[in-house]
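Not measured: the values here are computed from a predicted model. Positions are given from 1, in the same order as the sequence printed here.
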Amino acid sequence: MTGRLFKREELAIDPVDLAHVLLGSVLECTGSEGTVRARLVEVEAYRGEDDPASHCYRGRTARNRVMWGPAGHLYVYFVYGMHFCANVVGREDGEAGAVLLRAAEITEGADVARSRRKAARKDVELARGPARLTSALGIGPQHNGADLVDPRSPVRLLTGEEIPAERVRSGPRVGVAAAMDTPWRFWIDDSPAVSLYRRGGRARPAK
């Protein structure tokens, strides 16, 4: 069973705190093929102009404008010329910060997710990784800026189970060229859907 839609003020917090809130929560996306629902099991926090790995490190641009708030919106970006990644925006309006959604367990609409992720050998792989997650849920550029707390939105964020602190692990962020050792990636320890860790060092920031 899923919970209720989040309230905007519940998401308007520091991204590191928001990352913990999002673990165990439920993201759902409704499209022409139906609704796919996923339980978030791995996330990654990014701040703004004080975070060298953030898209907002050098200030506001047309690309990153959604990440500046208000909280509760979906920030979708294109990366490496082939993938989309999705983030939940946090903090107060005008303060940049978001949490990258890295991995999830599909809890509803698995048939739809399988049709989109034909390369997945097992259901646990359907949303294991940020690009796989968006593909499985059908999230694309048309969802950039979607209001996750609006029941009429095609993408919605609902409360889920509270994850005990002893089940949460943290470590370095993935694929970033700066602040590589900042331990702002968080995951549920016993979930098989958590992605494999690959150290960063690419020429561009991950967010």
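Residues Val168 and Trp187 share a single hydrophobic cluster, defined by chaining ILVMFWY side chains whose heavy atoms lie under 4.5 Å apart. Note: the hydrophobic cluster containing Leu27 also contains Ile13 (ILVMFWY, side chain heavy atoms under 4.5 Å, direct or indirect links). Residues Leu22 and Phe186 share a single hydrophobic cluster, defined by chaining ILVMFWY side chains whose heavy atoms lie under 4.5 Å apart. Grouping the Ile, Leu, Val, Met, Phe, Trp and Tyr side chains by contacts below 4.5 angstrom, directly or via other members, places Val89 apart from Tyr57. Residues Trp68 and Tyr75 fall into different hydrophobic clusters, defined by Ile, Leu, Val, Met, Phe, Trp and Tyr side chains chained together at heavy-atom separations under 4.5 Å.
Closest approach of Ile163 and Arg39 over heavy atoms only: CD1-NH2, 3.8 Å. When all heavy atoms are compared, the tightest approach of Met67 to Ser54 is CE-OG, 3.3 Å. When every heavy atom of Val112 is checked against every heavy atom of Glu33, the shortest pair comes out as CG2-O, 3.5 Å. Across every non-hydrogen atom of Ile139 and Cys29, the tightest pair is CG1-SG, 4.1 Å.
Between the side chain of Glu105 and the backbone N or O of Ser191 there is no donor-acceptor pair closer than 3.5 Å. Checked by atom type and distance alone, the side chain of Asn64 pairs as donor or acceptor with a backbone atom of Gly59 at under 3.5 Å. The backbone N or O of Gly171 lies less than 3.5 Å from no partner atom in the side chain of Arg185, so there is not a single donor-acceptor pair. With hydrogens and angles disregarded, no donor-acceptor distance shorter than 3.5 Å links the side chain of Arg91 to the backbone of Pro15. Between the side chain of Ser153 and the backbone N or O of Ala146 there is no donor-acceptor pair closer than 3.5 Å. Judged by distance alone, the side chain of His20 and the main-chain N or O of Val16 form a donor-acceptor pair under 3.5 Å. No side-chain donor-acceptor contact under 3.5 Å links Arg132 to the backbone of Leu126. Using a distance-only test at 3.5 Å, with no hydrogens or angles considered, no donor-acceptor pair links the side chain of Asp189 to the main chain of Arg169. Checked by atom type and distance alone, the side chain of Glu44 pairs as donor or acceptor with a backbone atom of Val174 at under 3.5 Å. Arg114 places no side-chain N or O within 3.5 Å of a backbone atom of Ala120 that could act as its donor or acceptor partner.
In this structure, His143 and Pro154 have side chains that are in contact, with non-hydrogen atoms separated by less than 4.5 Å. Between Leu40 and Leu133 the shortest side-chain heavy-atom distance falls below 4.5 Å. The closest side-chain heavy-atom distance from Phe6 to Val21 is below 4.5 Å. Looking at heavy atoms from C-beta onward, Val43 lies out of side-chain contact with Leu18 at the 4.5 angstrom threshold. Between Glu108 and Glu28 there is no side-chain heavy-atom pair separated by less than 4.5 Å.
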TODO: Start with the C-alpha gap between Arg156 and Thr35, add the side-chain angles, then the distance that decides, and say whether side-chain contact (heavy atoms from CB on, under 4.5 Å) holds.
DONE: CA-CA 11 Å; Arg156 301 165 298 278; Thr35 296; 4.2 Å; yes
Task: Steps toward ring pair (Phe, Tyr, Trp, His ring centres under 6.0 Å) verdict (Tyr46, His55) - done: CA-CA 9 Å; Tyr46 289 85; His55 280 176; 7.9 Å; no
- [ ] Evaluate side-chain contact (heavy atoms from CB on, under 4.5 Å) for Asn87 paired with Tyr77, printing each intermediate quantity in order.
- [x] CA-CA 9 Å; Asn87 307 254; Tyr77 66 88; 3.3 Å; yes
Task: Test log, rule side-chain contact (heavy atoms from CB on, under 4.5 Å), inputs Arg8 and His73 - done: CA-CA 9 Å; Arg8 199 174 310 283; His73 287 262; 3.5 Å; yes
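The aromatic rings of Phe78 and Phe84 lie tilted to each other, with the angle between the two planes from 30° to 60°.
Test Thr159, Leu157, Leu158 against Ser25 for side-chain contact (heavy atoms from CB on, under 4.5 Å) and you get one pass: Leu157.
Salt-bridge check for Arg117 with Glu125: failed, with every basic side-chain N at 4.0 Å or more from each acidic carboxylate O.
With values rounded to the nearest 0.5 angstrom, Ile106 atom CD1 is found 11.5 Å from Asp111 atom CG.
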